[in-house]
Amino acid sequence: MDFEQIFKTPNPIIGVVHLLPLPSSPRWGGSLKAVIDRAEREAAALAAGGVDGIIVENFFDAPFTNSRVDPAVVSAMTSIVERLRGIVTIPIGVNVLRNDAHSSLAIATCVGAKFIRVNVLTGVMVTDQGIIEGCAHDLMRYRRELGSDVQIFADVLVKHAQPLGTPSLTLTVRETIERGLADCVILSGMATGMPPSLEDLELAKHAARNKPVLIGSGATWENISELMQAADGAIVSSSLKRHGNIEAPIDPIRVGQFVDAAHNSVDRNSSIAPSPSYKKVPS
């Protein structure tokens with residue numbers, strides 16, 4: 001199943017469910033029911049607001065490990081994602097932070113989620129968790145072993161990190177797709193809430209050729225019209241929260257406002273582009 005088949009649109013808006021701290025994390029509050037209840041409310045609010053998909057992250061488990069997470073996190077996220085699949089009909093993805101792609105893939109495959117986000121699929125990034133190396137070699141073999149068709153959405157020069165060396169964006173996108181075998185690439189700003197530049201999105205889209213490029217951070221209803229000129233969709237979280245506060249719950253009104261703005265921008269772009277899934281960019 002490819003990108004457009006998953007979301008029923010070539011230009012999906014994917015809302016994020018930020019899970020409250022899970023068992024074994026530093027801020028774990030002791031009640032898994034509280035985590036599940038909030039996740040269900042967040043997923044319902046996103047679906048009601050019209051997003052095309054949802055991705056579930058253990059966002060509030062920070063500070064994160066730079067390798068495998070505790071088995072309790074995997075167990076909790078498996079249970080939560082399965083619960084969410086029972087209350088919303090839109091596709092769901094998984095991101096086990098910081099870069100536990102194996103656990104993400106295992107969860108998604110077992111519960112029927114459609115995609116995962118991998119922060120560092122190729123290359124080497126210096127992060128606040130230390131040095132994180134790409135996992136494409138092991139992850140793609142693991143997907144084959146599982147017989148899984150879960151899609152791999154990979155960040156390129158991921159936020160809250162710096163690459164070793166000075167790789168070009170164009171080369172990094174191409175290697176993530178051609179050598180890392182990513183099904184989709186994600187381009188973010190430097191940190192949560194910061195958008196990528198339109199110029200960088202255009203470079204990424206040109207380098208990705210026929211693979212989709214998603215905005216990974218910083219999209220708002222005010223800037224989505226500009227950013228969607230050079231992207232195929234967006235993963236959005238902070239701007240959908242009450243008052244734009246990352247700690248606050250999802251605000252269904254802000255979700256609807258964002259989705260309307262994104263859809264309107266796609267309609268405008270498609271009126272001047274050869275097709276809805278193709279954006280002209282400089283060579």
Side-chain angles (χ1 to χ4, degrees), residues 6-22 29 31-62 76-77 79-95 97 108 111-115 117 153 186 188-189 191-195 214-228 231-269:
I6 290 174
F7 299 107
K8 314 303 184 198
T9 173
N11 305 109
I13 301 303
I14 304 169
V16 184
V17 173
H18 286 153
L19 299 178
L20 293 176
L22 296 173
S31 172
L32 188 57
K33 182 179 185 302
V35 179
I36 294 171
D37 288 347
R38 169 150 164 165
E40 290 178 340
R41 291 193 298 271
E42 302 277 85
L46 288 167
V51 300
D52 303 295
I54 290 171
I55 187 165
V56 180
E57 296 182 348
N58 57 323
F59 181 83
F60 290 112
D61 280 358
M77 292 188 70
S79 177
I80 292 166
V81 174
E82 188 169 27
R83 289 281 290 267
L84 298 186
R85 288 196 69 239
I87 66 172
V88 299
T89 58
I90 54 179
I92 296 179
V94 180
N95 185 16
L97 298 165
V111 303
K114 299 300 184 183
F115 61 98
R117 181 176 185 173
F153 294 5
I186 302 168
S188 301
T192 298
M194 297 177 62
L214 294 176
I215 302 157
S217 68
T220 68
W221 74 269
E222 295 99 336
N223 68 18
I224 190 62
S225 179
E226 177 186 19
L227 296 178
M228 285 293 283
D232 296 293
I235 298 173
V236 58
S237 53
S238 304
S239 65
L240 305 185
K241 304 292 187 78
R242 292 177 187 169
H243 309 296
N245 179 1
I246 197 69
E247 302 280 343
I250 294 290
D251 182 343
I253 295 175
R254 293 175 75 98
V255 178
Q257 185 181 41
F258 183 94
V259 170
D260 286 347
H263 287 170
N264 289 338
S265 70
V266 170
D267 291 341
R268 285 194 296 271
N269 291 337

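If you're wondering where the values come from, they're calculated on a predicted model, not measured in any experiment. Numbering starts at 1 and runs along the sequence shown.
Annotation for Ile246: atom CD1 counts as buried by contact number, over 12 foreign heavy atoms lying within 6.0 Å. Counting non-hydrogen atoms of other residues, nucleotides and ligands closer than 6.0 Å to CZ of Arg83 gives a total of 12 or fewer. For Glu82, the CD atom is loosely surrounded, since the number of other residues' heavy atoms within 6.0 Å does not exceed 12. Within 6.0 Å of the NZ atom in Lys114, the count of heavy atoms belonging to other residues, nucleotides or ligands does not exceed 12.
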The test is side-chain contact (heavy atoms from CB on, under 4.5 Å); show your working for Val17 and Ile92 and say whether it passes. CA-CA 10 Å; Val17 173; Ile92 296 179; over 6 Å; no
In sequence, state the C-alpha distance, the side-chain angles, and the governing distance for Lys241 and Asp251, and then conclude on side-chain contact (heavy atoms from CB on, under 4.5 Å). CA-CA 5 Å; Lys241 304 292 187 78; Asp251 182 343; over 6 Å; no
Ile55 and Phe115: CA distance, side-chain angles, deciding distance, side-chain contact (heavy atoms from CB on, under 4.5 Å) verdict: CA-CA 8 Å; Ile55 187 165; Phe115 61 98; 3.9 Å; yes
Report the C-alpha separation of Glu247 and Phe60 in whole Å, then their side-chain angles, then the decisive distance to 0.1 Å, and conclude whether the side-chain contact (heavy atoms from CB on, under 4.5 Å) test is met. CA-CA 9 Å; Glu247 302 280 343; Phe60 290 112; 3.5 Å; yes
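Using a 4.5 Å cut-off on side-chain heavy atoms (C-beta onward), Ile215 and Ile224 make contact. Side-chain contact check for Trp221 versus Ser239: every heavy-atom pair is 4.5 Å or farther apart. With a 4.5 Å cut-off on side-chain heavy atoms, Phe258 and Val51 do not count as touching. Here the side chains of Ile80 and Leu22 are in contact, with some heavy-atom distance below 4.5 Å. Glu42 has its side chain out of reach of His18: every pair of non-hydrogen atoms, C-beta onward, lies at least 4.5 Å apart.
Remark: Ala62 pairs with Arg27, Phe64 by the side chain to side chain contact (heavy atoms under 4.5 Å, CB included) rule, at least two apart or across chains. Under the side chain to side chain contact (heavy atoms under 4.5 Å, CB included) criterion, Ser188 pairs with Arg117, Asp155, Lys159, Ile186, Ser217, not counting sequence neighbours.
The two residues Pro195 and Leu227 have their closest heavy-atom pair at CB-CD1, 4.1 Å. Between Ser238 and Thr192, the shortest heavy-atom contact is OG-CG2, 3.7 Å. Closest approach of Ile13 to Ala262, counting heavy atoms only: CD1-CB, 3.6 Å.
Side chain of Ser79 to main chain of Ala76: no donor-acceptor pair is present (N/O by atom type, distance under 3.5 Å, no hydrogens or angles). A donor-acceptor pair under 3.5 Å is absent between the side-chain atoms of Asn223 and the main chain of Ala219, judged by distance alone. Between the side chain of Arg85 and the backbone N or O of Val111 there is at least one donor-acceptor pair closer than 3.5 Å.
To the nearest 0.5 Å, the span separating CD1 on Ile235 from CD1 on Ile54 amounts to 12.5 Å. Atom CZ of Arg38 sits about 8.0 Å away from atom CD1 of Ile250, to the nearest 0.5 Å. Atoms CG and CG, on Leu20 and Leu32 in that order, are 10.5 Å from each other to the nearest 0.5 Å. For the atom pair Leu19 CG and Leu84 CG, the distance stands at 8.0 Å (nearest 0.5 Å).
Contacts classified as side-chain hydrogen bond (donor to acceptor under 3.5 Å, both in side chains) and involving residues 47-60 (residues at least two apart or in different chains) are given here: Glu57-Asn95, Asn58-Asp61.
Comment: Arg41 does not engage Asp37 in a salt bridge, judged by the lack of any side-chain N to carboxylate O separation of less than 4.0 angstrom.
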